[in-house]
S.K.: 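Provided herewith is a single structure, encoded as C-alpha cells, for subsequent inquiry.
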Protein chains: 2
Amino acid sequence: MNKERNKINSIELDEKTRQFTSQCREAGLKITPQRVAIYRELIQTDEHPSAEMLYEKVKNIFPSISLDTVNRTLLTLNEIGAAFTVVGSGDAKRFDGGLHEHQHFRCLKCKRIVDFHHKPFDDIKLPANIRKKFKILRKTVYLEGICDLCI
Amino acid sequence: MNKERNKINSIELDEKTRQFTSQCREAGLKITPQRVAIYRELIQTDEHPSAEMLYEKVKNIFPSISLDTVNRTLLTLNEIGAAFTVVGSGDAKRFDGGLHEHQHFRCLKCKRIVDFHHKPFDDIKLPANIRKKFKILRKTVYLEGICDLCI
DNA sequence: CTTACTGCAAACCATTTGCACGATC
DNA sequence: GATCGTGCAAATGGTTTGCAGTAAG
C-alpha cells in the first residue's frame with residue numbers, strides 16, 4: 001500500500017507520452033499541449049483524480065485552462081482507451097434492495113444495469129492485509145461494457 | 001438473465017416488509033407510509049432504480065410525495081442497511097491512467113480510493129453466458145467500506 | 001486554410017439543505 | 001406533546017452544451 005508504489009519515473013513518463021501522442025494521431029486527434037499535460041498528470045498519480053483534481057494540477061502548467069477542457073479531454077481519453085473511469089459514473093445513484101446475492105454488469109451506452117449471479121464470485125477471498133487495514137462492508141465483481149441491446 | 005428471475009411473491013413481500021418495519025423500530029425510525037412504500041417498490045424491482053425512477057412508481061400510491069423524500073428515504077435505508085447503492089453510481093467520475101492492473105477499495109466516508117493488487121483477481125473467469133451476451137470492456141473486483149484513516 | 005480544440009457562459013441534472021407544517025410515537 | 005419525517009423551494013456540485021476565437025495539421 002505504498003503511496004509511491006505506482007509512481008512512474010521520467011523515462012517511463014516520456015515513453016508513455018510518446019505512445020499517447022501516436023495514439024492520438026492514429027485516432028485523428030490533434031496533439032495539443034493541454035491534452036498532453038492532462039494525460040501526463042493523470043498517469044503520474046495514484047489517487048484516481050476527478051476532473052476537478054486534475055484541473056487543479058494542470059492549472060500549474062496552464063493557468064488559463066478551463067475545467068471544461070479537462071472534462072472533455074478525459075472523455076476523449078476514455079474513448080480512445082488512454083484512460084478509464086474507475087468508479088463514479090457521474091450519473092444518478094442506483095439502488096438495490098439487496099435481496100439476493102448477485103453481481104452487476106453496467107452498459108456504458110444505455111446505462112442499464114444487469115444482474116448476474118456467478119456463485120464463485122460470492123466468496124472470493126480477500127488478501128489478509130486488506131482485511132486487516134480496512135473495514136470491508138461490501139465486495140463485488142463489477143463488469144462494464146456494451147450490452148446485447150446496444151451492440 | 002430472465003427479467004422476472006428475482007421477482008418476489010406477495011408472501012415474501014409481506015415478510016420482507018415486516019422485517020423492514022422492525023428494523024426501522026430498532027433503529028429508532030418512524031414507520032411512515034411513504035417509507036414503507038418506497039421500500040416495497042425498491043424490493044419489487046430488478047432494475048436498480050434511481051431515486052427518480054422510484055419516485056415515479058411511488059407517486060402512483062402517494063401522488064403528493066416529493067422526490068426529496070424518496071432521496072432522503074433511500075439515504076436512510078442505506079444507513080440502516082435495508083438498501084444499497086449500486087457500485088459505481090452517484091459521485092463524480094474518477095479517472096485512472098490504467099498503467100498497472102489493480103483493484104480498488106473505496107472509503108464510503110472520505111471517498112478516498114485506494115488501489116490494491118491481488119494477483120488472483122487479475123484473471124477471475126467470467127461465466128460463458130456473460131461473455132457471450134455482452135461485450136465486456138472492463139472487469140474488476142471492487143471493495144467498499146471504511147478506510148484506516150476514517151475508523 | 002480547414003478542422004478540431006479551447007475557454008467562457010449558460011444550461012442541465014441529481015442531490016442537498018433550510019424551513020415550516022404535519023404525522024408518528 | 002415532543003420529535004422526526006415530509007414537502008417545498010432554493011442552493012450546490014458535477015457535467016454538458018453552444019458559441020466564438022484560436023491553434024494544429
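Proteins come first, then strands; the chains are lettered A, B, ... in the order of their sequence lines, and each starts at number 1.
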S.K.: Tell me, please, which residues at least two apart from B/T45 pass side-chain hydrogen bond (donor to acceptor under 3.5 Å, both in side chains).
M.R.: none
S.K.: With sequence neighbours excluded, give me every ring-ring contact (aromatic ring centres under 6.0 Å, His included) pair touching residues 57-96 of chain A.
M.R.: none
S.K.: Could you tell me how far apart A/F62 (CZ) and C/dC5 (C1') are, to the nearest whole angstrom?
M.R.: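 Checked: the CZ to C1' distance equals 13 Å.
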S.K.: Measure the shortest side-chain to side-chain distance between B/I61 and B/E41 over non-hydrogen atoms and say whether it is less than 4.5 angstrom.
M.R.: yes
S.K.: Other members of the hydrophobic cluster containing A/I113, with the 4.5 Å side-chain heavy-atom rule, please.
M.R.: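 A/I113 shares its hydrophobic cluster with B/V86.
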S.K.: Please collect all side chain to side chain donor-acceptor pair (under 3.5 Å) contacts where either partner lies in residues 52-65 of chain B, sequence neighbours excluded, each pair once.
M.R.: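 Residue pairs passing side chain to side chain donor-acceptor pair (under 3.5 Å), neighbours aside: B/E47-B/K57.
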S.K.: Can you tell if the side chain of A/F134 reaches within under 4.5 Å of the side chain of B/V114, non-hydrogen atoms only?
M.R.: yes
S.K.: Heavy-atom contacts under 4.0 Å between residues 24-35 of chain B and DNA chain D, which residues?
M.R.: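 By residue number: B/L29, B/K30, B/T32, B/Q34, B/R35.
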S.K.: The helix from C/dC1-D/dG25 to C/dC25-D/dG1: angle between its terminal axes, five pairs each, to 10°?
M.R.: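 About 40°, once rounded to a multiple of 10°.
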S.K.: Within the structure provided, determine whether A/H104 and A/D115 are in side-chain contact (heavy-atom separation under 4.5 Å).
M.R.: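 They are in side-chain contact.
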S.K.: Under 3.5 Å, which protein N or O atoms sit close to an N or O of nucleotides 9-14 of chain C? Give each pair with its distance.
M.R.:
| from | atom 1 | to | atom 2 | distance (Å) |
| --- | --- | --- | --- | --- |
| C/dA9 | N6 | A/D68 | OD2 | 2.5 |

S.K.: Using a 4.0 Å cut-off to any heavy atom of chain B, which nucleotides of DNA chain D are the first and last in contact, reading 5' to 3'?
M.R.: D/dT3 to D/dT16
S.K.: Base, sugar-phosphate alone, or nothing: which one does B/S50 contact when heavy atoms must sit under 4.0 Å apart?
M.R.: nothing
S.K.: A/L75 CG to C/dA4 C1': how many Å, rounded?
M.R.: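 Going from CG in A/L75 over to C1' in C/dA4 covers 16 Å.
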S.K.: I need the minimum non-hydrogen distance between A/F116 and A/H102, along with the two atoms involved.
M.R.: O-CB, 3.4 Å
S.K.: Rounded to whole Å, please give me the gap between CG in B/N78 and C1' in C/dT15.
M.R.: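 Going from B/N78 (CG) to C/dT15 (C1'), I get 14 Å.
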S.K.: Identify each donor-acceptor pair in which a side-chain atom of residues 136-151 of chain A lies under 3.5 Å from a protein atom, sequence neighbours left out, and give them as a table.
M.R.:
| from | atom 1 | to | atom 2 | distance (Å) |
| --- | --- | --- | --- | --- |
| A/R138 | NH1 | B/T85 | O | 2.9 |
| A/R138 | NH1 | B/E144 | OE1 | 3.0 |
| A/R138 | NH2 | B/T85 | O | 3.3 |
| A/E144 | OE1 | B/R138 | NH1 | 3.1 |
| A/E144 | OE2 | A/R106 | NH1 | 3.0 |
| A/D148 | OD1 | A/R112 | NH2 | 2.9 |

S.K.: Using side-chain contact (heavy atoms from CB on, under 4.5 Å) as the criterion, list what pairs up with A/A83, not counting sequence neighbours.
M.R.: A/L42, A/L77
S.K.: Throw together a table of side-chain donor-acceptor distances under 3.5 angstrom for residues 23-37 of chain A, partners on residues two or more places apart or in other chains.
M.R.:
| from | atom 1 | to | atom 2 | distance (Å) |
| --- | --- | --- | --- | --- |
| A/Q23 | NE2 | A/I80 | O | 2.9 |
| A/T32 | OG1 | A/R35 | N | 3.1 |
| A/R35 | NH1 | A/K30 | O | 2.8 |

S.K.: Are any of the side-chain heavy atoms of B/I130 and A/H118 separated by less than 4.5 Å?
M.R.: no
S.K.: Taking side-chain hydrogen bond (donor to acceptor under 3.5 Å, both in side chains) as the test, write out the residues that go with B/K111, two or more places apart.
M.R.: B/D91
